[in-house]
Protein chains: 2
Amino acid sequence: MSTPTIRDVAERAGVSKSLVSLVLRGSAGVRPQKREAVLAAVEALGYRPNAAARSLSERRTHTVGVLLNDLRNPWFVELLDGLNGLLYDSGMHVLLADGHLNRRLGEDLTRTFTELRVDGLIAVGTLQDPEALRTAAGRIPTVVAGAREPVLPGVDIVANDDERGARLATEHLIGLGHRHIAHIAGQGAVGELRRRSFEATMREHGLADTAVVEQGDLTEEGGYRAAVRLLSRPQRPTAVFAVNDMTCVGALSAAEESGLRVPRDLSLVGYDNTYVSRLRHLWLTTVDNAGHDVGRRAAQRLLDRIDEPDRPAEVDLATPSLEARGTTAPPRTAT
Amino acid sequence: MSTPTIRDVAERAGVSKSLVSLVLRGSAGVRPQKREAVLAAVEALGYRPNAAARSLSERRTHTVGVLLNDLRNPWFVELLDGLNGLLYDSGMHVLLADGHLNRRLGEDLTRTFTELRVDGLIAVGTLQDPEALRTAAGRIPTVVAGAREPVLPGVDIVANDDERGARLATEHLIGLGHRHIAHIAGQGAVGELRRRSFEATMREHGLADTAVVEQGDLTEEGGYRAAVRLLSRPQRPTAVFAVNDMTCVGALSAAEESGLRVPRDLSLVGYDNTYVSRLRHLWLTTVDNAGHDVGRRAAQRLLDRIDEPDRPAEVDLATPSLEARGTTAPPRTAT
DNA sequence: GCCCTTCTTTGGACCGTTCCAGAACTTGCG
DNA sequence: CGCAAGTTCTGGAACGGTCCAAAGAAGGGC
């Protein structure tokens, strides 16, 4: 016979299926003797509840779907960690789906998750298809984590405070004595925020006219190319703040390639504190984006929203911190 | 009213729910006129089938569960990519769950997947809890991908040919003229295979007595420490084959720290061809573990096993290839 | 116009749970 | 001992689909 059902258990334990259900869900008013008989039968038959049947009648799945944009980006692992902890404690399971892998296939993951009737949805990072998220968010409590867009009605946003993080990085460099500081920017809302904050901070310190911005694309290659452009300028910057760690690694290659020693001749700061930045061979000074905290907060927000779907959408920012490592130092000829 | 059901669609289209079901599953014998009426109603109501209800009556979920050991390991992203493509083409959805994240929580993911009644299970990489996999594999068609263990009855194993990959790496170094070659080993079945093959290859080339093995632990830190030990030997090796890329990066740091230039003074080969090895600042020579191919084969094997659960378990090895990049060169004083 | 065959469509059972109303026991107490 | 008030337990109706046997409609041939 195939997989046992609750009826098989009931029969074996000599009780009704309802009682079995009560025992399994830990109801109080069950005589110990019967409870044990049921548990013994469960054990003997190797019974496992059928999640589909359960969710069909309970009308909830105790499952949240996490949409990732690209598993190759390492920074959200921390975030998932924070997410998972809190959700698990409230009896939720987490299912992951990677948009990047599935995009080519034309599969719409929000659709998959809606069909599964997940209780909630967390979009991690900037997604490829904001429109799909909009329709999904209309039916399922949704939170965006680790990104600042899309802004949708009824969708909370949890991220680190990019404005503040960029300020930390810039002021770190200024504090070391740098005056000619460049920024390699990235696209999207996050890129925009970090760039603006870099510019604002430079301005506040009276360094507006030595601030330079080159455009990158959040990849190593883009960082490399932007850095090559920066370093060939007549007035070469003594420090670079890169929009993320990957960009920073690209800049690092460009620097060494043109004979500059880091940090002696050029200081570099990344963003995200990914494990790439922690490789001792790179050892990038970077901004920690508080991923774990962002994850936890996103989970909390989602749970709140599941309880109360109509609460107004909020933006919740975690505080980033500077992680000073090996790629920053005072400029060689400090003023 | 809450989410529409198939009955709502039927009512709106003026047909029976059975007809709606036929249309949705693409049955041939439905008059075009009715088909369109149904589709229009679906559209108008924003109807989405309920996966739980469907799988309850269909008795299959069209879903396979993928167990990862640690999202932080980048090498299996390629594998997932190969996996996803094939599975999606056969109408399967892929759900990911990360064991590392959930381990601390004590959650047993195989259990979650059993309750979800996934049609199949793919264990990617070496898992933390082989025992749990054994019981799960007893009920669900299962394939192990990217690892060589656990060996379980009825569970296929798909991986790259580690023996061959290690041979490629070792022969690459020997071919460059190296005679004093060391290996930094890793634990587990994979580590064992690579080490054995390194030793065998050295022996075949009459280099058994200059072959050295230091134990690492697959992490950067372990690689660093093993390399420090290797480089402080009286007879310092001129080349190191590391069990994986992370270990190799650690060795790279140790080399540069002790004033050696790579590849001039020391050649290094990694394994896995992760994106870390592709960072232009590291640019490791490495062995490509054919992740995409492994993923595709694993998917195929799983589909076969779903069709025919009792077929004997097989081991299926994909062919790795050498990716020669910047960390290998002939030894300075070639013989 | 009638009967037979071939297409279409439909009602109802079933998948494995939960949940609720009420049945069947226990107790406590007058 | 009888009865009210708890406790425990149980049958049956959902939940939202699929699938099958059979009903109904549409043609075709005489």
Side-chain angles (χ1 to χ4, degrees), chain A residues 1-39 41-42 45-63 91 93 111-112 114-119 139, chain B residues 1-39 41-42 45-63 91 112 114-119 139:
Chain A
M1 201 199 68
S2 68
T3 44
T5 76
I6 201 172
R7 284 165 224 271
D8 300 321
V9 174
E11 190 175 352
R12 176 157 186 137
V15 299
S16 73
K17 65 181 174 33
S18 305
L19 219 221
V20 176
S21 175
L22 287 176
V23 169
L24 290 176
R25 283 169 313 107
S27 167
V30 175
R31 226 174 307 217
Q33 177 198 354
K34 299 250 177 177
R35 173 187 308 278
E36 272 161 37
V38 168
L39 292 177
V42 164
L45 295 174
Y47 167 79
R48 291 282 175 281
N50 180 323
R54 191 197 295 253
S55 74
L56 190 55
S57 106
E58 251 186 300
R59 325 207 51 167
R60 57 177 305 182
T61 53
H62 298 283
T63 296
H93 295 293
R111 191 176 179 116
T112 306
T114 13
E115 298 193 356
L116 283 175
R117 301 287 194 270
V118 293
D119 294 341
R139 340 176 148 235
Chain B
M1 200 198 67
S2 70
T3 44
T5 76
I6 199 172
R7 286 163 222 271
D8 300 322
V9 175
E11 189 175 353
R12 176 157 185 137
V15 300
S16 72
K17 66 184 173 32
S18 305
L19 220 221
V20 176
S21 175
L22 287 175
V23 170
L24 290 177
R25 282 168 315 105
S27 168
V30 175
R31 222 174 310 215
Q33 177 198 355
K34 299 251 177 178
R35 173 187 309 279
E36 273 161 37
V38 168
L39 292 177
V42 165
L45 295 174
Y47 168 78
R48 291 283 174 279
N50 180 323
R54 193 199 295 253
S55 75
L56 190 57
S57 92
E58 251 186 300
R59 325 206 51 167
R60 58 176 305 184
T61 52
H62 298 282
T63 296
T112 306
T114 339
E115 299 193 354
L116 283 175
R117 300 287 193 273
V118 292
D119 294 341
R139 343 178 146 231

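Convention: sequence-line order gives letters A, B, ...; per-chain numbering from 1.
With hydrogens and angles disregarded, no donor-acceptor distance shorter than 3.5 Å links the side chain of A:Arg12 to the backbone of A:Ala37. Not one N or O on the side chain of B:Arg60 forms a donor-acceptor pair closer than 3.5 Å with the backbone of B:Arg117.
If you take CG of B:Leu116 and P of C:dC15, they are 21 Å apart, rounded to a whole angstrom. In this structure, CD1 of B:Ile6 is placed 19 Å from P of C:dC14, rounded to the nearest angstrom. One atom, CD of B:Glu115, and another, P of C:dG16, lie 15 Å apart when rounded to the nearest Å. As rounded to whole Å, 12 Å separates atom P of C:dT8 from atom CG of B:Leu22. Computed from coordinates, the A:Asp8 CG to C:dC15 C1' distance equals 13 Å when rounded to whole Å. Rounded to an integer number of Å, the gap from B:Arg35 CZ to C:dT8 P is 10 Å. Taking atom CD of residue B:Gln33 and atom P of nucleotide C:dC7, one finds them 19 Å apart after rounding to whole Å. Between the CD atom of A:Glu11 and the C1' atom of D:dT10 there is a distance of 16 Å, rounded to whole Å.
Ion pair A:Glu115/A:Arg111 flagged as a salt bridge, since at least one NZ, NE, NH1 or NH2 atom sits closer than 4.0 Å to an Asp/Glu carboxylate oxygen.
Each of B:Arg117 and B:Arg7 was matched to the nucleotide of DNA chain C holding its nearest heavy atom; the match closer to the 5' end belongs to B:Arg7.
Phosphate contact (OP1/OP2 of C:dT18, side-chain N/O of A:Arg25, threshold under 4.0 Å): present. For A:Ser18, no side-chain nitrogen or oxygen approaches OP1 or OP2 of D:dT10 to under 4.0 Å. Between A:Ser21 and the phosphate of C:dT18, there is a side-chain N or O to OP1/OP2 separation shorter than 4.0 Å.
Once rounded to the nearest 0.5 Å, the distance linking OG1 of B:Thr112 with NE2 of A:His62 reads 13.0 Å. Once rounded to the nearest 0.5 Å, the distance linking OG1 of B:Thr5 with CG of B:Asp8 reads 4.0 Å. Here the NZ atom belonging to B:Lys34 is positioned 13.5 Å from the CG atom belonging to B:Leu39, to the nearest 0.5 angstrom. Interatomic distance, B:Arg48 CZ to B:Leu24 CG, rounded to the nearest 0.5 Å: 10.5 Å. Taking CD1 of B:Ile6 as the reference point, atom OG of B:Ser16 lies at 9.0 Å (rounded to 0.5 Å).
Of the residues in residues 48-61 of chain A, those placing a heavy atom less than 4.0 Å from an atom of DNA chain D are A:Leu56, A:Ser57, A:Arg59, in numerical order.
The minimum heavy-atom distance between A:Leu116 and A:Thr61, with the atom names listed, is O-CG2, 3.4 Å.
The listed nucleotides are D:dT18, D:dG11, D:dG16; the one nearest the side chain of A:Lys17 is D:dG11.
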Restricting both atoms to N or O, compile the protein contacts to nucleotides 5-8 of chain D shorter than 3.5 Å, with distance only.
{"unit_1": "D:dT8", "atom_1": "O3'", "unit_2": "A:Arg31", "atom_2": "NH2", "d": "3.3"}

